[in-house]
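For clarity, every value in this text was computed on a predicted model and none was experimentally measured.
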Amino acid sequence: MHISKTAIRTILATVLLIAASIITAFLYPHFSNILFHVPAKDVDISPHIVLIRILVILIVLLPIGMFVSLGLSSSLRFMHKYRYALGMSVIVLCVICNISGSSLGMWNFWLGNNMNHAVVFGTPRAIRSDEYVVGTAFSLSQYYSGYSYFNSLIGGTPSDMFIIKDSPVLDIAEVFRPFHWGYLLLGSSRGLAFYWSARIVVLFLSTYELFLLITKKTSSTLERTPRENNEGKILSLVGASLITFSPLVQWWFAVNSLPEMIIAISVSVVCMDRYLTATSTLRRIIYFSAITVCGGMFILSLYPAWQIPLFYILLILIIDVVRKHFRHIHIPPHDILWTLLIATIGIALLLHVAFESKETIMSTLSTEYPGRRHSTGGDLEWRSLFSGIGSIFLSVKNYVGTSNPTEASGFIDLFPIGIILFAINVFRTRRIRFRETSLLLLIILYITYQVVGLPLWFCQITLLTATTAKRMTAVVA
């Protein structure tokens, strides 16, 4: 009987991974005080929590085991080929185990109990009160109102639960908020787990697909070598990780719909590319339906401070996709009719929301913030543009600044290295590409808005009055 070296490496790697996961899980209470300032006595060591801890560590270590046993190239091919199945498996596991990133444990603290009860890793964050006091609490209250559009349990009077983000509603317009479907189908506890896990998995996969598209050769006549394929996958993997696990996204994960906005942009651009190259009616219907859902998701994020500047990035990427395929676009008349029908349905659903929530919308527009805010920028210190990488330690170190870790968080953008590399690439290739150049000009405009300020009339025309210099930092990054 012959056993291949690959099989031996796989068996050894599996045994070592399981052993490492078990050892790390049992040692975690001793490191929790160093990492999260949680004394070992407060760490939950219930058998089912320890088991979940082992599973989570094992999942994190699995890619390393694959690299060791199969090699980098084979591991990348496997994970790329089965990325959707792997992502779905993570979601299913999180839902079964009721895993979420909520800071609901803070309620234990307020009631005089151990706030780290049932916490697998980390610790509840008091600063995230808009999540565990408002967003998640509102979502859980919907169960007792039958997921109605208006809920009288909040404040004693009927409250609009659809416009308030993170509140699942049994309404046809909920098609624009697929991450709420878990509440409607699985109940509160597993719905919360689905909400957190599905968003992080879809965010990672959608940005991965966007970077695959961006790193793809523009000419269809140029075939990529295996090495170039691996380089594209590695770059896409790094890009998706830098966005999904960035301090900014993680600190703001449950409020203000930043993940939904990034998902909507990524999926819309990728689906537009595939819509323009599809040859079957069914595929075009699927792709444009996804674009319509993402359009509604983006609009209903209802946080203009990020929506407006992100919209211009989306516009540039969509124009670039159309430019790339413009000479070869051929959409039959019946496919155009299907497209118009889907768009009409999407608009009708948005009008339905506007009609149902008209009083809430008018009340919001009449407020000082965000309704009447008119910012022209100019109030950001230029040094803040370089602060992104420093926020990587905010989850494990006490913040001692004048703000809070949420406000201080950012993307790990390594500014201005990206701009410098772009300039070097233009100098070496003597080529100016539309996408990169347009994005660079947009970045320069946004930085000018942040540091210097722009005229009021220009900000009003471009709707930049709805954002602020501080919020623009995330978009620039």
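Considering only residues two or more places apart in sequence or on other chains, Tyr149 meets the side chain to side chain donor-acceptor pair (under 3.5 Å) condition with Ser357. In this view, Arg77 and Ser73, Ser74, Lys233 satisfy the side-chain contact (heavy atoms from CB on, under 4.5 Å) rule, not counting sequence neighbours. For Leu337, the side-chain contact (heavy atoms from CB on, under 4.5 Å) test picks out no residue, with sequence neighbours left out.
Counted within 6.0 Å of CZ on Phe326, heavy atoms from surrounding residues, nucleotides or ligands total 12 or fewer; the atom is thus considered open. More than 12 heavy atoms of other residues, nucleotides or ligands sit less than 6.0 Å from atom CG of Leu421. The neighbour count for Tyr143 OH, taken as heavy atoms of other residues, nucleotides or ligands under 6.0 Å away, does not exceed 12. When the shell of 6.0 Å around CZ of Phe434 is examined, it contains more than 12 heavy atoms from other residues, nucleotides or ligands. Counting heavy atoms of neighbouring residues, nucleotides and ligands inside a 6.0 Å radius, atom CD1 of Ile432 does not exceed 12 of them.
Side chain of Thr244 to backbone of Ser241: no donor-acceptor contact under 3.5 angstrom is found. Judged by distance alone, with hydrogens and angles left aside, the side-chain atoms of Glu131 form no donor-acceptor pair with the main-chain N or O of Ala254 at under 3.5 Å. In this structure, the side chain of Ser159 does not engage the main chain of Met161 through any donor-acceptor pair within 3.5 Å. Between the side chain of Arg431 and the backbone N or O of Val426 there is no donor-acceptor pair closer than 3.5 Å. Ser268 places no side-chain N or O within 3.5 Å of a backbone atom of Ile265 that could act as its donor or acceptor partner. At least one donor-acceptor pair under 3.5 Å links the side chain of Arg83 to the backbone N or O of His80. Side chain of Gln450 to backbone of Lys470: no donor-acceptor contact under 3.5 angstrom is found. For the pair Asp160 (side chain) and Ile163 (backbone), a donor-acceptor distance under 3.5 Å is present.
Under 3.5 Å, the side chains of Ser266 and Tyr208 contain no donor-acceptor pair of N or O atoms.
A ring-centre distance under 6.0 Å is found for Trp196 and Phe253.
Legend: side-chain hydrogen bond (donor to acceptor under 3.5 Å, both in side chains) pairs involving residues 328-341, not counting sequence neighbours, sorted by first then second residue: Tyr275-Thr339, Thr281-His334, Thr281-Asp335, Arg284-Asp335. Residue pairs meeting the side-chain hydrogen bond (donor to acceptor under 3.5 Å, both in side chains) criterion with at least one partner in residues 454-469, sequence neighbours excluded, do not occur; the list is empty.
Salt bridge status for Glu260 with Arg199: present, with a side-chain N to carboxylate O gap under 4.0 Å. A salt bridge is defined here as a Lys NZ or Arg NE, NH1 or NH2 lying under 4.0 Å from an Asp or Glu carboxylate O, and Glu209 with Arg274 meets this definition. A salt bridge links Lys324 to Asp273: one of the charged nitrogens lies within less than 4.0 Å of a carboxylate oxygen.
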Identify every side-chain donor-acceptor pair in residues 186-193 under 3.5 Å, counting partners at least two apart or on other chains, and give the distances.
{"from": "Ser189", "atom 1": "OG", "to": "Asn98", "atom 2": "OD1", "distance (Å)": "3.3"}
{"from": "Ser189", "atom 1": "OG", "to": "Asn98", "atom 2": "ND2", "distance (Å)": "3.3"}
{"from": "Arg190", "atom 1": "NE", "to": "Val95", "atom 2": "O", "distance (Å)": "3.2"}
{"from": "Arg190", "atom 1": "NH2", "to": "Ile96", "atom 2": "O", "distance (Å)": "3.2"}

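The aromatic rings of Tyr82 and Phe78 sit tilted, their planes meeting at an angle between 30° and 60°. In this pair, Tyr195 and Tyr183 present their aromatic rings tilted. The plane angle is within the 30 to 60° band.
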